[in-house]
Engineer: 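Please find one structure pasted underneath; my questions will follow.
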Amino acid sequence: ATLAAYLNFKPTLIISGSKDCVVKDSIQEVMYNNTLLACKTYVDITDAHHCQFANNNLICIAGDLASGCGFSTISTSAVLGKTMSLLSPFLDFYLKNICTAGQNFVTTYNNLTGVTKKRRSCLPYASCGPLPVKLTSFTGSIKNEKANLYWNTASEDNVDHMTLERSMDGITFSDFSITSPQGRNGGGASYSAIDPYPFAGLSFYRLKTIDLDGSISYSSIVKLTTSKRAIAVTSLYPNPVNDILHVQLQSDKRQTVQLSVIDITGKKLQLNSISLNMGVNDTNVQFGSFERGTYIIQYINEQGIKLGIFKIVKN
């Protein structure tokens, strides 16, 4: 790879770990130096080791330990989060020609913490004109096991909409809510959103802003921590429900739970056994045959412990 770098004339992003004993950062620096005629960026993530850029499975960890490293003060999800915060806009700019992604990449690079910015050698990116939105803040907090997100804008020129995204690992994000711009006469506005069912442990949030011409930009990522649980409901909609209630369950292991639907008199109307895999599971609950009114759904694990009770309104 160090010799092949002499033949590389394409934009280059090199990310290493300061505790990588398999491919040391000094080797990656040689690749950077040997890439002579390209826009290039090199970032070294503090305390990251080799396996944290991949599966971080036992075999890889054993090789890490044998090479003299393997223990780190930074989590694998944090390493991948920092990596993807640079890699995503980098690829969006060069492969998808999204102009604002280049500006987002430079902003992320300049503000990224927990890294050593070894070097960057590039001409300034071309101006994209006014950014779709100018964020002045994007923050969050946990209250009563609910995630509260807040953001403020100074201007919202040419904004079509803003999408709040969330993720369990800081890498793969999905849409959570969509907001229309509220700023008027070239000004900004204040926004808030509540995630009543955040992931157990860590939840990651970011804002995706879509301009009227389709350009996309991303905010920095907000990481929030909730209590770890054996099982957690991480999505439940629609409520009120007509026919089908969609429920997403996060499980810390393979397990079977019992789902009960109970009416207001305490009568069980439905009992389902659900097999869960480790991670996120999508399930449905049928409400089409029930009368209008209020119901309770309840989850119980194999030991008979109640894991969650939720009130559902049937239209």
Engineer: Measuring only between side-chain heavy atoms, which start at C-beta, is F138 closer than 4.5 Å to S219?
Structural biologist: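 Yes, their side chains come closer than 4.5 Å.
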Engineer: Test side chain to side chain contact (heavy atoms under 4.5 Å, CB included) on V233 and L249; report intermediate values, then the result.
Structural biologist: CA-CA 5 Å; V233 172; L249 298 167; 3.5 Å; yes
Engineer: Show your reasoning for whether side chain to side chain contact (heavy atoms under 4.5 Å, CB included) applies to T163 and L207.
Structural biologist: CA-CA 6 Å; T163 300; L207 280 172; over 6 Å; no
Engineer: Within a strict 4.5 Å, meaning less than it, do heavy atoms of the C39 and Y94 side chains meet?
Structural biologist: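 Touching, per the 4.5 Å side-chain cut-off.
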Engineer: To the nearest 0.5 Å, what is the distance between CG (L224) and NZ (K146)?
Structural biologist: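 L224 atom CG to K146 atom NZ measures 15.0 Å (nearest 0.5 Å).
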Engineer: For the residue pair R206 and Y218, would you count it as a cation-pi contact if the rule is NZ or CZ under 6.0 angstrom from the ring centre and within 45 degrees of the ring axis?
Structural biologist: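 Yes, a cation-pi geometry holds between R206 and Y218.
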Engineer: How long is the straight-line distance from CG of N277 back to CD of Q255, given to the nearest 0.5 Å?
Structural biologist: 10.5 Å
Engineer: Okay, side chain of D263, backbone of T265: is any donor-acceptor separation there less than 3.5 Å?
Structural biologist: yes
Engineer: Look only at the side chain of Q258 and the backbone of I300, and say whether a donor-acceptor pair between them is shorter than 3.5 Å.
Structural biologist: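 Flag not set: sc Q258 to bb I300 has no pair under 3.5 Å.
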Engineer: Hey, what do you get for CZ (F90) to CE (M84), rounding to the nearest 0.5 Å?
Structural biologist: 12.5 Å
Engineer: Are there more than 12 heavy atoms of other residues, nucleotides or ligands under 6.0 Å from atom NZ of K117?
Structural biologist: yes
Engineer: For K24, does the NZ atom have more than 12 heavy-atom neighbours from other residues, nucleotides or ligands under 6.0 Å away?
Structural biologist: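 No, NZ of K24 has 12 or fewer neighbouring heavy atoms, counting only those of other groups under 6.0 Å.
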Engineer: Would you say CG of L95 has more than 12 non-hydrogen atoms from neighbouring residues, nucleotides or ligands within 6.0 angstrom?
Structural biologist: yes
Engineer: Going through the checks in order, is the side-chain hydrogen bond (donor to acceptor under 3.5 Å, both in side chains) test met by T136 and N152?
Structural biologist: CA-CA 6 Å; T136 56; N152 295 283; 4.9 Å; no
Engineer: Is the backbone of M278 close enough, under 3.5 Å, to the side chain of S251 for a donor and an acceptor to pair up by distance?
Structural biologist: no
Engineer: Give the cluster check for I74 versus I171: same hydrophobic cluster or not, with ILVMFWY residues linked at side-chain heavy-atom distances below 4.5 Å.
Structural biologist: yes
Engineer: What is the distance from atom CG of L245 to atom CG of N284, rounded to the nearest 0.5 Å?
Structural biologist: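 Going from the CG atom of L245 to the CG atom of N284 covers 8.0 Å.
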Engineer: Evaluate the side-chain proximity of E165 to F204: yes if any heavy-atom separation is below 4.5 Å, no if none is.
Structural biologist: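 Counting from C-beta outward, F204 and E165 never come under 4.5 Å.
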Engineer: Could you report the tightest heavy-atom contact between I264 and T294, atom names first, then the distance?
Structural biologist: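 So the two residues come closest at CG2-O, 3.2 Å.
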Engineer: Y295 ring centre to K314 NZ or CZ under 6.0 Å, with the angle to the axis within 45°?
Structural biologist: no
Engineer: If you apply the rule side chain to side chain contact (heavy atoms under 4.5 Å, CB included), what do you find for I14 with T41, and how did you get there?
Structural biologist: CA-CA 6 Å; I14 297 176; T41 303; over 6 Å; no
Engineer: Which pair of non-hydrogen atoms, one from A101 and one from F93, has the smallest distance, and what is that distance?
Structural biologist: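 So the minimum-distance heavy-atom pair works out to CB-N, 3.8 Å.
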Engineer: Ignoring hydrogens and angles, tell me if any N or O in the side chain of D25 forms a donor-acceptor pair with the backbone of S18 under 3.5 Å.
Structural biologist: no
Engineer: Any side-chain heavy-atom pair from V285 and Q270 closer than 4.5 angstrom?
Structural biologist: yes
Engineer: Taking all atoms of both residues into account, what is the closest heavy-atom pair of A189 and Q182, and its distance?
Structural biologist: CB-CB, 3.9 Å
Engineer: Do you see a donor-acceptor pair shorter than 3.5 Å between the side chains of Q250 and T234?
Structural biologist: no
Engineer: Testing the 3.5 Å rule here: is there a donor-acceptor pair between the side chains of E145 and S227?
Structural biologist: yes
Engineer: I'd like to know if the side chain of T12 and the backbone of K10 have a donor-acceptor N/O pair within less than 3.5 Å.
Structural biologist: yes
Engineer: Aromatic rings F105 and Y109: how do their planes relate, parallel, tilted or perpendicular, breaks at 30° and 60°?
Structural biologist: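 Correct class here is parallel.
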Engineer: What is the distance from atom CG of D20 to atom OG of S67, rounded to the nearest 0.5 Å?
Structural biologist: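 OG of S67 is found 7.5 Å from CG of D20.
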Engineer: Is NZ or CZ of K40 both nearer than 6.0 Å to the six-membered ring centre of Y32 and within 45° of the ring axis?
Structural biologist: yes
Engineer: Establish, from distance only, whether the side-chain atoms of S137 and T139 form a donor-acceptor pair under 3.5 Å.
Structural biologist: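 Side-chain D/A pair, S137 to T139: absent.
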Engineer: Restricting to non-hydrogen atoms, name the atom on N315 and the atom on P240 that form the minimum distance, rounded to 0.1 Å.
Structural biologist: OD1-CB, 3.4 Å
Engineer: Which heavy atom of I45 sits nearest a heavy atom of V79, and at what distance?
Structural biologist: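 Smallest heavy-atom distance, with atoms named: CD1-O, 3.9 Å.
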Engineer: Is Y205 linked to I221 within one hydrophobic cluster, defined over Ile, Leu, Val, Met, Phe, Trp and Tyr using a side-chain heavy-atom separation of less than 4.5 Å?
Structural biologist: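 No, Y205 does not connect to I221 through the hydrophobic network.
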Engineer: For residues F287 and D243, determine if any side-chain heavy atom of one lies less than 4.5 Å from a side-chain heavy atom of the other.
Structural biologist: no
Engineer: Take Y299 and S260, measure what side chain to side chain contact (heavy atoms under 4.5 Å, CB included) needs, and give me the verdict at the end.
Structural biologist: CA-CA 7 Å; Y299 290 94; S260 301; over 6 Å; no
Engineer: Just so I know, are the side chains of V241 and N239 near enough to count as touching, which here means a heavy-atom distance under 4.5 Å?
Structural biologist: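 No - every pair of side-chain heavy atoms lies 4.5 Å or more apart.
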Engineer: Has R166 got its NZ or CZ under 6.0 Å from the middle of the six-membered ring of F199, at an angle within 45 degrees of the ring axis?
Structural biologist: yes
Engineer: For S16 and Y42, test the side chains for any donor-to-acceptor distance below 3.5 angstrom and give the result as yes or no.
Structural biologist: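 Yes, Y42 and S16 have a side-chain donor paired with an acceptor closer than 3.5 Å.
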Engineer: State, with a plain yes or no, whether a side-chain heavy atom of C21 is found less than 4.5 Å away from one of K19.
Structural biologist: no
Engineer: Rounded to the nearest 0.5 Å, what's the gap from NE2 on H49 to OG1 on T76? Could you check?
Structural biologist: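 Between H49 NE2 and T76 OG1, I get 5.5 Å after rounding to 0.5 Å.
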Engineer: Check this for me, if you would: do D92 and K96 make a salt bridge, where the nitrogen-to-carboxylate-oxygen distance has to be below 4.0 angstrom?
Structural biologist: yes
Engineer: Are M168 and L236 linked, directly or through other ILVMFWY residues, by side chains that come within less than 4.5 angstrom of each other?
Structural biologist: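 No, M168 does not connect to L236 through the hydrophobic network.
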Engineer: Taking S77 for its side chain and D169 for its backbone only, find out whether a donor-acceptor pair lies under 3.5 Å.
Structural biologist: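 Here the side-chain-to-backbone pair does not exist.
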Engineer: Taking a hydrophobic cluster as the set of Ile, Leu, Val, Met, Phe, Trp and Tyr residues connected by side-chain heavy atoms closer than 4.5 Å, whether directly or through intermediates, do V247 and I262 fall within one such cluster?
Structural biologist: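 V247 does not cluster with I262.
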Engineer: For E156, does its backbone N or O pair with a side-chain atom of T153 as donor and acceptor, under 3.5 Å?
Structural biologist: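 No.
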Engineer: Do you know the tightest heavy-atom contact between Y191 and S180?
Structural biologist: CE2-O, 3.9 Å
Engineer: Using the ring pair (Phe, Tyr, Trp, His ring centres under 6.0 Å) rule, collect all pairs that involve residues 239-279, keeping only residues at least two apart or in two chains.
Structural biologist: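 Listed once each, the pairs are Y237-H246.
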Engineer: Going by heavy atoms in the side chains, are L259 and I297 under 4.5 Å from each other?
Structural biologist: yes
Engineer: In this structure, would F176 and L202 fall into the same cluster of hydrophobic residues linked by side-chain contacts under 4.5 Å?
Structural biologist: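 No; tracing contacts between hydrophobic side chains, which count when under 4.5 Å, never links both residues.
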Engineer: Are any side-chain N or O atoms of D282 and backbone N or O atoms of Q248, one a donor and one an acceptor, separated by less than 3.5 Å?
Structural biologist: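 Such a contact is absent between D282 side chain and Q248 backbone.
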Engineer: Are more than 12 heavy atoms from other residues, nucleotides or ligands located less than 6.0 Å from atom CD of E302?
Structural biologist: yes
Engineer: Without hydrogens or angle criteria, can the side chains of H50 and D64 be said to hold a donor-acceptor pair below 3.5 Å?
Structural biologist: no
Engineer: Main chain of T172, side chain of S167: is a donor-acceptor contact present, judged purely on distance under 3.5 Å?
Structural biologist: yes
Engineer: Among I231, D252, T256, N301, which one satisfies side-chain contact (heavy atoms from CB on, under 4.5 Å) with L276?
Structural biologist: I231
Engineer: For residues D47 and T73, is any side-chain donor paired with an opposing acceptor at under 3.5 Å?
Structural biologist: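 A donor-acceptor contact under 3.5 Å links the two side chains.
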